[in-house]
Structure formats: C-alpha cells, structure tokens
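One structure is given below, encoded as structure tokens.
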Amino acid sequence: MESDDGEVVSNKQVIFKDYVPGVLKESDMYITTSTITLKVPEDCTNGVLVKNLYLSCDPYMRNRMRNFQGSYISPLKPGSPISGRGVAKVLDSRHPDYKKGDYIWGMTGWEEYSLITATETLFKIHDKDVPLSYYIGILGMPGLTAYAGFYEICSPKKGEFVFISAASGAVGQLVGQFAKLLGCYVVGSAGSKDKVDLLKNKFGFDDAFNYKEELDLDAALKRYFPDGIDIYFENVGGKMLDAVLLNMRVRGRISVCGMVSQYNLEQPEGVHNLMHLVPKRIHMEGFLVYDFFHLFPKYLDMVLPYIKQGKIVYVEDIAEGLENAPAALTGLFAGRNIGKQVVAVSRE
C-alpha cells in the first residue's frame, strides 16, 4: 500500500532476548517480522530511513549483551533489535547531509530497514569503486582501529619485530599488512591451519602459527622471535598476553585493542607476568577507535590507493541473509570466521 505517508513494508529483525552471563548462544537472539513505514516521521527532525545492506559482526558486541553501566557504550536493550555497524542506502531523509539514494555507514539496526535518529554516528560513502561491505571493514571501524592502534599507539619503526594475535581477523589482518609495508618483521597467531596459511600466503606475514597446537606459548614465541618482540598488537588477552610479556624487548609497546579470549568467561583469567613492564620499560596502552575518528579522512587517503593498487588485500567472511546473523555473531567466539565477519542483508 502506498500513500503520502510512505509505503508500509514487512521488516525482518534480529531481536536480543536478554542479558547473557556465560557463553553467547544463537538462542540468545531470535528472528521476528514487524512492519515499518518507509518514511521519516514529521516529528523526527534529522532522522534518516535506510535499507540495510551489510551488517558487521564485531567482538565488542558481546560486551553489550551484559547488564552493565558506565562503559563507553550502552548495553543492548532486551526485546529490541540488536544494533551495530552497517552499510545502508538512504530511502528517505530529514537530515540536510543525507538525501535519498545516498549510501552511508554507521550505527544501524539488525533488521531490513531502520529509522536512524542518532545520525551523528553516520558517515557518507563517497568512493564506490570498492565493495560497499568494505565500509564496515577495512574502510570502517576495523580499518581505523588497525591504523590508530598500530601507528598512533605503537609508533612503529622500520625493522622492528611485530607480533599480532587473532591475526586473521578484521583488525589483525590489516595491522600485519601495515607493518609489512613499513618494513617490519611480522608474525601472527591464529586458530587453524587455514588461517595460518592465509597469514603467510595472502597477507604476506613473515611467519605465523596455530596457537591451538602450541603446548607452551612462551617457547613458541621464543622460536619465532629469538631476539624478542618490539610491538605486540593485543586482540586476545589471557595466556597469550602472559607469554608475550616474557618475550617483550626493552622499550617495547603493547597496543591493547581487545581480549576476545575473555568475553565469554564469567570470571576473567589473571595475568601473572605484568612485572616485566617495569625492567623492560614497556609501554602498554588500551585505546578506543572513537578517540581517533578525526583521523578518518587521513586514513582513507592512505588506504584507498593501497587497495586499488593491490598492495593491501582484505578477506571477508560473508553470511547471506539476516536469519544467519545470530550464527555469524556467535561464530566469532569459536573462531569460525575466516577474515572479517559480515552479514549480507540485501545486495541492493
């Protein structure tokens, strides 16, 4: 049905059931269908109504499924659609910066259509010579995370020894390639033979290993870094961080991006080797990508030519259809994804 008020259509949604203490399961989410009017309501100044094309599965979303307050991002609302980053096409707009037909990336809902009122989270997509899904990956938050976490936090120099955990993921694969372009020696860890092969053959890492096959992580790191580690890009935490601390060089830098091994644990694991920070004068810093959004134009200027020249490659793991989104998100924590996990809601 069509009227001046806009067409009313069905809207498939992924609903977050309730706060999750232990391991995240697919059953903590469910699919439902509601209806939506494809027009921004008159009282919704600056609102934008979009058709979602690609949704991003990110490890930080797990922490939004706990009932906590006072963090940098609010928890999800039980009984409501999951929210996260996505790429979408504008169908109707009351915002001066966005018009019908524009493509955007930013915070949207896990649903076919979304009315976005928090438009300050949105970025307009100008360059469409690359896959649109890249704007929730290499050209979006993971890309800027890799860029800021490596260059801004680690102050890397040519010839340094760089170690990256969860190295085939959305962020790790880029940190490794940035480090190689700078002339560093780069080793990554991952959780399967396929991922290790990817690191060495596709992303150009100097070496890589499957952490699941190593009984002694300290011994493994000594094998790959006989002279120690200058820079550690931290994505997993736990036992890996403990082993890395034993192998850092004097004045080493640790950029703490995330600790995915801890997100499903009710009781986080302790870290025992922190004392090594003192004699080695190690700089260890956590960071949030939000603090670096001002660098986004500078980052795009750097990375887009690299992509178009084939000097940087990006691997995505695309799940087709909104109904497969819960499995895609839970799969992150079992390491099922190879590369950046994306959900394709619609190819247009």
Side-chain angles (χ1 to χ4, degrees), residues 9-36 51-88 107-116 133 136-137 141-142 166 168-171 190-192 194-195 212 235-238 258-269 316-347:
V9 296
S10 69
N11 189 21
K12 195 186 286 180
Q13 301 174 303
V14 181
I15 305 293
F16 169 56
K17 205 178 272 182
D18 203 354
Y19 299 120
V20 184
V23 175
L24 179 68
K25 302 178 295 304
E26 284 179 52
S27 57
D28 293 315
M29 302 160 260
Y30 63 92
I31 311 286
T32 187
T33 303
S34 62
T35 56
I36 188 169
K51 177 179 185 174
N52 292 311
L53 305 177
Y54 297 98
L55 300 174
S56 177
C57 292
D58 298 296
Y60 83 89
M61 297 169 76
R62 171 66 189 88
N63 294 328
R64 297 188 67 201
M65 297 177 162
R66 297 177 195 281
N67 189 11
F68 64 88
Q69 302 298 330
S71 178
Y72 66 94
I73 190 162
S74 58
L76 294 173
K77 244 170 81 185
S80 297
I82 288 173
S83 67
R85 278 182 179 72
V87 171
M107 291 302 279
T108 186
W110 278 31
E111 52 193 355
E112 289 176 285
Y113 302 93
S114 293
L115 174 63
I116 301 174
S133 54
I136 44 173
M141 186 189 75
S168 69
V171 176
S192 75
D194 287 347
K195 293 179 185 181
K212 291 178 182 169
N235 288 313
V236 304
M259 294 192 172
V260 73
S261 71
Q262 306 300 296
Y263 299 163
N264 270 331
L265 303 180
E266 293 199 47
Q267 205 54 51
E269 292 171 329
E316 299 173 304
D317 194 326
I318 299 184
E320 293 290 342
L322 200 56
E323 60 282 356
N324 290 312
L329 182 61
T330 52
L332 283 180
F333 305 99
R336 281 203 297 270
N337 58 304
I338 296 185
K340 162 72 196 170
Q341 184 65 64
V342 174
V343 176
V345 181
S346 169
R347 298 282 181 172

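Throughout, residue positions are numbered sequentially from 1 according to the sequence presented.
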**Prompt:** Quick check: does any side chain N or O of K17 sit under 3.5 Å from a backbone N or O of S27, one acting as donor and the other as acceptor?
**Reply:** yes
**Request:** Check the side chains of Y54 and R347 for a donor-acceptor pair under 3.5 angstrom, ignoring hydrogens and angles.
**Result:** yes
**Item:** Whether K195 side chain and N337 backbone form a donor-acceptor pair below 3.5 Å
**Value:** yes
**Approximate separation, where rounding is to 0.5 Å, of F333 CZ and M61 CE** = 9.0 Å
**Prompt:** Should L55 and L322 count as side-chain neighbours, where that means a heavy-atom distance under 4.5 Å?
**Reply:** yes
**Minimum side-chain heavy-atom gap L76-M29 below 4.5 Å** = no
**Prompt:** How long is the span from the CD1 atom in I338 to the OG atom in S192, to the nearest 0.5 Å?
**Reply:** 5.5 Å
**Request:** Of all the heavy-atom pairs spanning P142 and G137, show the shortest one and how long it is.
**Result:** CD-O, 3.3 Å
**Asked** Short question: side chain of R336, backbone of A327 - any donor-acceptor pair under 3.5 Å?
**Response** yes
**Request:** Could you tell me whether the side chain of R66 and the main chain of Y19 form a donor-acceptor pair under 3.5 Å?
**Result:** no
**Min side-chain heavy-atom separation T108-I116 under 4.5 Å** = yes
**Request:** Taking the side chain as every heavy atom from C-beta outward, state whether Q341 and L329 have any pair of such atoms under 4.5 Å apart.
**Result:** no
**Asked** Which of these, N52, V345, T33, sits in a side-chain contact (heavy atoms from CB on, under 4.5 Å) with E111?
**Response** N52
**Item:** Exceeds 12 heavy-atom contacts within 6.0 angstrom, atom NZ of K77
**Value:** no
**Request:** Give the C-alpha distance, both sets of side-chain angles, the deciding distance and a yes or no for side-chain contact (heavy atoms from CB on, under 4.5 Å) between Y113 and K51.
**Result:** CA-CA 5 Å; Y113 302 93; K51 177 179 185 174; 3.9 Å; yes
**Message:** Test your reading of the model: is there a side-chain donor-acceptor pair from Q262 to the backbone of E269, 3.5 Å cut-off?
**Reply:** yes
**Item:** Derivation of the side-chain contact (heavy atoms from CB on, under 4.5 Å) call for M65 and D28
**Value:** CA-CA 9 Å; M65 297 177 162; D28 293 315; 5.9 Å; no
**Message:** To the nearest 0.5 Å, what is the distance between OG on S114 and CG on N11?
**Reply:** 7.0 Å
**Prompt:** Of the non-hydrogen atoms in I15 and P81, which two are nearest, and what is the gap between them?
**Reply:** CD1-N, 3.8 Å
**Prompt:** Taking the side chain as C-beta and beyond, is there a heavy-atom pair between S80 and F16 under 4.5 Å?
**Reply:** no
**Request:** Please check if the side chain of R64 supplies one atom and the backbone of S83 the other of a donor-acceptor pair under 3.5 Å.
**Result:** yes
**Item:** Worked verdict on C57 versus V343 for side-chain contact (heavy atoms from CB on, under 4.5 Å)
**Value:** CA-CA 7 Å; C57 292; V343 176; 3.8 Å; yes
**Message:** Nearest 0.5 Å, please: how far is CG in L24 from CG in L332?
**Reply:** 9.5 Å
**Prompt:** Roughly how far, to the nearest 0.5 Å, is the CD1 atom of I136 from the CZ atom of R85?
**Reply:** 10.5 Å
**Beyond-backbone contact of E323 with K12, side-chain heavy atoms, under 4.5 angstrom** = yes
**Request:** Answer with yes or no whether the side chains of S56 and K340 bring together a donor and an acceptor at under 3.5 Å.
**Result:** yes
**Message:** Looking only at the side chains, is there a donor atom on one of S34 and Q13 sitting less than 3.5 Å from an acceptor on the other?
**Reply:** yes
**Asked** Step by step, would you call I31 with V14 a side-chain contact (heavy atoms from CB on, under 4.5 Å)?
**Response** CA-CA 5 Å; I31 311 286; V14 181; 3.7 Å; yes
**pair Q69-P75: side-chain heavy atoms closer than 4.5 Å** = yes
